[in-house]
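Below you'll find the structure, written out as structure tokens, and then a few comments.
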There are 2 protein chains.
Amino acid sequence: MGKQMTEMLKGTLEGVVLAILALQPAYGYEITARLRERGFEDIAEGTIYAVLVRIEKRGLVDIDKVPSEKGPPRKVYTLNAAGEASLHEFWGSWSALETRIDQLRTEGHE
Amino acid sequence: MGKQMTEMLKGTLEGVVLAILALQPAYGYEITARLRERGFEDIAEGTIYAVLVRIEKRGLVDIDKVPSEKGPPRKVYTLNAAGEASLHEFWGSWSALETRIDQLRTEGHE
DNA sequence: CCCACTACTCAGTGTTACTATCTACTGGTA
DNA sequence: TACCAGTAGATAGTAACACTGAGTAGTGGG
């Protein structure tokens, strides 16, 4: 992936994954696929799993292990109350940053 | 500063500084002040200087050392052609990320 | 029997912003 | 005179993050 985008994803990827889980519970492999559908083409699988380990440690998700007909068992992640709170906080930070940066871009186009 | 915002700034702060310099040439202390005016309240001075060292090493700016009546000499940074190209690339990456994330937020509000 | 797809894990690396501290120049004031 | 606030720049050490590259397993098809 581009180095620029890699750096930009720091701090946003976790929120993005939480947002995906807010739509519906999902397992890692599935989350990767959903992200790709939504334009996050070049995010490495390993990166997603690392994020999932992190949000699990922070207690933002509940976990179910369910068998798969197509491969090894899946770890299905469900956003819990703490996760929803964290997602809400993420949207707040994101909005603030977005506003400031877009204002800066507008200034430059005068 | 909030840990969340700290992480989000990674990858965007450099572009933000380039955008400030695109408005007009400025020196470090001045850039810090301009950022504070624009809502980036809690960015440490030292962080800005680190960014400036970086963009200098990458050849994105030209530098003038000019005396100050109020303190030590100032290092005035002016965006050059490479810097403008880098800023343009930043806006491209930012727009792409913004679009994807905002679309995800919209999906969640259905 | 091998391969592709599914599914998850992990060690090592490079980049980034922060904290805390330091140097140094000017002007005002106790 | 001595001190301090404001101006101006620099840096070493730290923590957090995403990536690369590799590995382990399970399933079904050629």
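Lettering follows sequence order; numbering is per chain, from 1.
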Next on the checklist: Assess the residue pair A/M5 and A/D42 against the criterion (side-chain contact (heavy atoms from CB on, under 4.5 Å)); give the C-alpha distance rounded to whole Å, side-chain angles, the decisive distance to 0.1 Å, and a yes or no.
Outcome noted: CA-CA 10 Å; A/M5 189 54 78; A/D42 302 311; over 6 Å; no
Could you check whether any side-chain N or O of [X] sits under 3.5 Å from a backbone N or O of [Y], counting only pairs where one atom can act as donor and the other as acceptor?
{"X": "A/E30", "Y": "A/Y27", "result": "yes"}
{"X": "A/T6", "Y": "A/G2", "result": "yes"}
{"X": "A/N80", "Y": "A/G59", "result": "yes"}
{"X": "B/T106", "Y": "B/D102", "result": "yes"}
{"X": "A/R36", "Y": "A/I43", "result": "yes"}

Rounded off to whole Å, could you give me the [atom1]-to-[atom2] distance for the [X] and [N] pair?
{"X": "B/E14", "N": "C/dT16", "atom1": "CD", "atom2": "C1'", "value": "10 Å"}
{"X": "A/R36", "N": "C/dC5", "atom1": "CZ", "atom2": "C1'", "value": "14 Å"}
{"X": "B/Y49", "N": "C/dC18", "atom1": "OH", "atom2": "C1'", "value": "16 Å"}
{"X": "B/R54", "N": "C/dT15", "atom1": "CZ", "atom2": "C1'", "value": "8 Å"}
{"X": "B/F40", "N": "C/dC18", "atom1": "CZ", "atom2": "C1'", "value": "17 Å"}
{"X": "B/E7", "N": "C/dC18", "atom1": "CD", "atom2": "C1'", "value": "10 Å"}
{"X": "B/K3", "N": "C/dT19", "atom1": "NZ", "atom2": "C1'", "value": "16 Å"}
{"X": "B/I55", "N": "C/dT15", "atom1": "CD1", "atom2": "P", "value": "17 Å"}

Base, sugar-phosphate or nothing for [X]? Non-hydrogen atoms, less than 4.0 Å.
{"X": "B/L13", "answer": "sugar-phosphate"}
{"X": "B/G46", "answer": "base"}
{"X": "A/T6", "answer": "sugar-phosphate"}

Next on the checklist: Below the 4.0 Å mark, does C/dA7 have OP1 or OP2 next to a side-chain nitrogen or oxygen of A/Y27?
Outcome noted: yes
Checklist entry - How far does the helix from C/dC1-D/dG30 to C/dA30-D/dT1 bend, going by the axes of its first and last five pairs, to the nearest 10°? => result 20°
Checklist entry - Are B/P73 and B/V66 close enough that some pair of their side-chain heavy atoms sits under 4.5 Å apart? => result no
Checklist entry - Earliest and latest nucleotide of DNA chain D, 5' to 3', sitting under 4.0 Å from a non-hydrogen atom of chain B? => result D/dG6 to D/dC17
Item to check | CA sep, side-chain torsions, deciding dist, call: A/L35, A/I48, side-chain contact (heavy atoms from CB on, under 4.5 Å) | outcome: CA-CA 10 Å; A/L35 287 176; A/I48 300 301; 3.4 Å; yes
Checklist entry - Looking only at N and O atoms, is any donor in the side chain of A/K10 or the base of C/dT15 less than 3.5 Å from an acceptor on the other one? => result yes
Next on the checklist: Checking B/R38 against A/E107 for the side-chain contact (heavy atoms from CB on, under 4.5 Å) test, could you report, in this order, the C-alpha distance in whole Å, the side-chain angles of both residues, the deciding distance, and whether it holds?
Outcome noted: CA-CA 11 Å; B/R38 285 164 177 80; A/E107 267 190 273; 2.8 Å; yes
Next on the checklist: Would B/R74 pass as a cation-pi partner of B/Y29, given that its NZ or CZ must be under 6.0 Å from the six-membered ring centre and within 45 degrees of the axis?
Outcome noted: no
Checklist entry - Could you go step by step and tell me if A/S95 and B/R105 meet the side-chain hydrogen bond (donor to acceptor under 3.5 Å, both in side chains) rule? => result CA-CA 11 Å; A/S95 297; B/R105 178 158 51 180; 2.8 Å; yes
Item to check | Derivation of the side-chain contact (heavy atoms from CB on, under 4.5 Å) call for B/L97 and A/L9 | outcome: CA-CA 8 Å; B/L97 185 62; A/L9 282 175; 4.0 Å; yes
Next on the checklist: Contact list please: residues 57-80 of chain A against DNA chain C, heavy atoms, distance less than 4.0 Å, in numerical order.
Outcome noted: A/S68, A/K70, A/P72, A/P73, A/R74, A/K75
